[in-house]
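These notes concern the structure reproduced below.
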There are 2 protein chains.
Amino acid sequence: MGNDDWNKQRVLEVLREAGVNPTSQRVEIGYALFSSCAHLSAEEIMQRVNADYPVVSKATVYNTLGLFADHSLVREVIVEPGKVFYDPNVSLHHHFYYVDSGELLDIPASALQIDKLPDLPLETEVERVEVVIRLRRCTAH
Amino acid sequence: MGNDDWNKQRVLEVLREAGVNPTSQRVEIGYALFSSCAHLSAEEIMQRVNADYPVVSKATVYNTLGLFADHSLVREVIVEPGKVFYDPNVSLHHHFYYVDSGELLDIPASALQIDKLPDLPLETEVERVEVVIRLRRCTAH
DNA sequence: GTGCGTGCAAATGTTTTGCATTAGT
DNA sequence: ACTAATGCAAAACATTTGCACGCAC
């Protein structure tokens, strides 16, 4: 997943289809994001984009990722204060979070089933159900 | 719930029982936290503690809340980038999050049931399963 | 007096804003 | 030329760190 031959032309098309004007900065950020199948922080994305020479500012990385999130091109995952991960997998799924290492791992939607939801407050509808399973290294042997 | 007659003496005892040295700053912060049944941010807690005159610095609020969390006196709930809520309810439960207003509402553990958990990665154990149901105001009439 | 525990000023890290510049018509 | 969209420097905001002070022995 994720590793299926991304190139900048394809990123450009995906952005256009999503209704995002494909500027060079956005294509670079999208390429860094989609061609990695990992859960990256804004900082890591900027490092990848600017690896050779400065291409985008940090502000643009944040604004662009926010824009991508609005257009469902990426999903923000928050597990710790002051740490947001950007997940290029926008299909329905959940996450393991390794408390010790700070790493994030996908859980396919089919591997977890919620069979009883509480009644919703009036006049509201569910946008999304987020499940994070926090894991730590076994203490018991 | 939460409104059951908190006073500073009782906070002091609770801190002592939890193994936290009950300094005056900690009692003030604990009192602000426990006597409110709401989900407060660090900022809001500081405002309450310092309402009349300066009692604690922001750094102490953060460090103290972190300490309380370590001793299971409070639970950190994270829903948005750069926004942590402190929940004095440390029993097992989940949350509704109102995307529009930024408010948080408790879901009792019994109102939501997960009947299938994924296999855990080797050498790990579950610390906690966090479920956040993101709600938005109905668009449909 | 020594050493540990505590609180906070300052440093760091994260995210947002406002505006100068660019691109589109 | 006028207007809207874009990128980024600087500002705002959130959190952590390092160290000075006070308290217990």
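Just so it is clear: chains get the letters A, B, ... in the order the sequence lines come, proteins before strands, and each one is counted from 1. Since the model is a prediction, treat every value here as computed from it, not as a measurement.
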Might you point out which heavy atoms bring A:Tyr62 and A:Tyr86 nearest each other, and give the distance in Å? CD2-OH, 4.3 Å
Applying ring pair (Phe, Tyr, Trp, His ring centres under 6.0 Å), name anything that partners B:His94, two or more places apart in sequence or on another chain. none
Rounded to whole angstroms, how far apart are CE on A:Met46 and P on D:dC8? 11 Å
List in chain and number order the residues that pass side chain to side chain donor-acceptor pair (under 3.5 Å) with A:Ser110, two or more places apart in sequence or in another chain; answer none if no residue qualifies. none
Need one value for A:Val55: base, sugar-phosphate or nothing, where a base atom within 4.0 Å counts as base even if backbone is also close, heavy atoms only. sugar-phosphate
Please report the C-alpha distance between A:Glu28 and A:Lys8 in whole Å, then the side-chain angles of each, then the deciding distance to 0.1 Å, and finally whether the salt bridge (Lys or Arg N to Asp or Glu O under 4.0 Å) criterion is met. CA-CA 7 Å; A:Glu28 292 296 330; A:Lys8 292 179 187 174; 3.3 Å; yes
Atom pairs, N/O to N/O, protein against nucleotides 20-25 of chain C, distance under 3.5 Å?
none

Could you pull out all residues at least two apart from A:Pro81 that satisfy side-chain contact (heavy atoms from CB on, under 4.5 Å)? B:Glu76, B:Ile78, B:Val84
Nearest-Å distance, CD (A:Glu28) to C1' (D:dT6)? 16 Å
Rounded off to whole Å, could you give me the CD1-to-P distance for the A:Ile45 and C:dT14 pair? 13 Å
Please produce a list of atom pairs where a protein N or O lies less than 3.5 Å from an N or O of nucleotides 9-20 of chain D.
{"unit_1": "D:dT15", "atom_1": "OP2", "unit_2": "B:Tyr62", "atom_2": "OH", "d": "2.3"}

Taking atom P of C:dT16 as reference, at what distance in whole Å does atom CG of A:Leu67 sit? 13 Å
Would you jot down, in residue-number order, the residues of residues 7-17 of chain A having a non-hydrogen atom under 4.0 Å from DNA chain C? none
